[in-house]
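Contents: one structure, followed by commentary.
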Amino acid sequence: MSEPKENVLMEKIVSLCKRRGFVYQSSEIYGGINGFWDYGPLGAELKRNVKEQWWKTIVHHRDDVAGLEATIIMHPKIWEASGHVATFTDPMCDCLLTKKRFRADQVEAQSGTAYHYEGAEDPETVTCRDPFSVLLPPGKPPESARKVAKEFYQQRGVSNPTLIGERTEKLEGTTRYNPENGAQLTERKPFNLMFKTYVGPTATEADVAYLRPETAQAIFAQFKNVHETARQKVPFGIGQMGKAFRNEVTPRNFTFRSREFEQMELEFFIKPDEAVEALAGSVAKAADNAWQGEPQADWGWEVWHKYWVEQRIRFYEGIGLTRDCFEEYWQKPEELAHYARACVDILYKFPFGTQELEGIAARGDFDLAQHEKHSGKTMGVFDEELRAAWGKLDEAKKAAMQAKFIADKTAAGLKKGATEADAKVQAEAEAKVYFDKLAKGQYIPHVIEPSAGVDRLILALLANAYSELTTTDEKGKSETRVVMKFHPRIAPVKVGIFPLLKNKPELVAKAKAVRDLLRPHMTVFYDDGGAIGRRYARQDEAGTPFGVTIDFDTLGEKPELLDTVTLRDRDTQQQTRVAIQDLLGLLLPKVR
RNA sequence: GCGAGCGUAGCUCAGCCUGGUAGAGCGUCACCUUGCCAAGGUGAAUGUCGAGGGUUCGAAUCCCUUCGCUCGCUCCA
């Protein structure tokens, strides 16, 4: 058994996916469409299984999570509140000379003399009338501007350019030129990563809506409804799976970065640490590994965060991805988005590099607070016990909590660039509002967000399952075949069913009876085509973990083996003799 | 969006330079044969050579455009 490396491996996986019907390019007969992929018969089963495992693990097998299935198009104000309208729009421009791309808002301001040209000519070739200009910092000779301009016109086909219409202009603080070479940049082009559409027949600016770039915001928007109808109390979570859309600049690496993709997201709402402290007396420390057990009343956000990281990794282990497939990346404080307190990326070691499979962020109360602000509807919850507990708290403890809150908020304000005095005044005002509400038992829940990409996970599972088996026959001819070692829980087909020979009606009839016995409980594939070894090999390539072969002993050639079959294990190729009546009881626990 | 490379049967690829009307291996399907790991035999299907246009008597081959893929730049809340 060997593991092929790098792009070769990726190419093999892509090829297998097409050949066996895991993944096809979308719209292939029309030449394909960049960043969109379809799942074929085996891929569709695989994906269903993965999603079902997630839903079972996150929603069904827990008391404290409820499900949601929201629309893809939502009120556009949701994306203003979430920040996506602002942050997903990056103005870009390119250097006219080197074509290098810049974020227009990140080009440093420069001053100097701009040399403008109307074009260039060369009597022997052509004349170019495209205007161009070059910015020179103070003190540089005009000749260097002309050199850059000539290069520009040479690129445009004027092989020996004479510049036309040079004029100069003093500029202060301009961002229209490439700081590296002084060449003019193109006009700014806005680049919005959200897919835009129109709701209703008129298609005016007033009708603009977006396809959701993440499923999470629907959960925040429906938080109040779910909280009231699901009879859940904080801490509790809302899980959702569904399609999301991002107009990625560069879809890459097969299905890894697609423009239409599916997410599995949980928003787990928790009490703010101050409420936990008031209720439980203290907030548990994350360092003591308490987070590996059952949730406790004294868990603050740090412990909950670690708890979910561990839960998620256990989920991956449950579908065949061992811990050594992953790297955990704890984002450094300076890398965190402004609303996040901590974020862990679970990275999978893909053949093309180690890349993010899931992000688990501790987001504070940012999202719900934003929606409260933008919608005008309260997102807070009321907790009777908290009100009572707060009333019994001694004043020293309250004062200590407030002091810490103010110190943290002040530090955050300073980081955003406020003066120390302003930050302090602001923090004190926030503290007053916050603690007044807390005393009444009111708060906006904080949230831990484990957010996973389904399609990325599918790709990880494909890469993880891929293995090659080289066999050499007695003639010395060696052959390499592919075995997809999916965990039985996610394997598209659970069991292949084969009559040893197809020209013996008794074998065929018995095999079909076994198929009908198992089919109500798991995916089966009946195959009577070709030699038995070939059928095993075909199922190995599809990742089918078990094979059942009906032979003459099944029919009672050896009376003691009547109604037994051989059960073949995909990974070991071992065969065991099993009574037909025991098959279901043996297989079912392994595939569920 | 820019640059480079690539696109021929379901898959992997040859043919392209030097135009003459498309091939191999594997797979698929049918039949025969089958006695547990891609066995053998016989037969068959499958390509508007990524698409469009141009040059030419004639284009998979030369030229232009376009779409897709890969890599790099850029982007990735």
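In what follows, chains carry the letters A, B, and so on, assigned in the order in which the sequence lines appear, proteins first and then strands, with residues in each chain numbered from 1.
Residue A/Lys12 contributes atom NZ, which lies 18 Å from atom C1' of B/U70 at whole-angstrom precision. In this structure, CZ of A/Phe498 is placed 17 Å from P of B/G35, rounded to the nearest angstrom. Rounded to whole Å, the distance from CG on A/Asn178 to C1' on B/C73 is 13 Å. As rounded to whole Å, 15 Å separates atom C1' of B/C36 from atom CD of A/Gln539. One atom, CG of A/Asn34, and another, P of B/C76, lie 18 Å apart when rounded to the nearest Å. Remark: P of B/U70 and CD1 of A/Ile13 are 14 Å apart, rounded to the nearest angstrom.
Here, B/G10 and B/G53 have their C1' atoms 30 Å apart, quoted to the whole Å. Taking atom P on both nucleotides, B/C64 is separated from B/G41 by 48 Å, rounded to a whole Å. The C1' atoms of B/A39 and B/G27 are separated by 16 Å, rounded to the nearest whole Å. Here the separation of B/C63 from B/U18, taken at their P atoms, is 10 Å to the nearest Å. As rounded to the nearest Å, B/C2 and B/A60 have P atoms that lie 29 Å from one another. B/U8 sits 13 Å from B/U61 when the P atoms are compared, rounded to a whole Å.
When each of A/Arg538 and A/Ser15 is assigned the nucleotide of RNA chain B with its nearest heavy atom, A/Ser15 is the one assigned upstream, toward the 5' end. Along RNA chain B, the nucleotide nearest A/Arg577 and the nucleotide nearest A/Asn253 are compared for position; the residue whose nucleotide lies closer to the 5' end is A/Arg577.
In this entry B/U46 has no Watson-Crick or G-U wobble partner, no candidate having both defining distances under 3.5 Å. When both pairing distances are held under 3.5 Å, B/C31 makes a Watson-Crick or G-U pair with B/G41. Across the strands present, B/U70 finds its partner in B/A4; the criterion is a Watson-Crick or G-U wobble pair with both atom distances under 3.5 angstrom.
Of the charged side-chain nitrogens involved, at least one lies within less than 4.0 Å of a carboxylate oxygen, so that A/Lys47 and A/Asp455 count as a salt-bridged pair. Using a 4.0 Å cut-off between a side-chain N of Lys or Arg and a carboxylate O of Asp or Glu, A/Glu541 and A/Arg481 do not qualify as a salt bridge.
Residue A/Arg534 has its side chain nearest to B/U28 when only B/U28, B/C11, B/C37 are considered. Closest approach to the A/Lys502 side chain among B/A38, B/C36, B/C31 is made by B/C31 (side chain taken as heavy atoms from C-beta onward).
Remark: the backbone N or O of A/Thr215 is paired with a side-chain donor or acceptor of A/Glu265 at under 3.5 angstrom. With A/Arg212 contributing its side chain and A/Met194 its backbone, the two residues share no donor-acceptor pair below 3.5 Å.
Aromatic pair A/Trp37/A/Tyr24: centroids not less than 6.0 angstrom apart.
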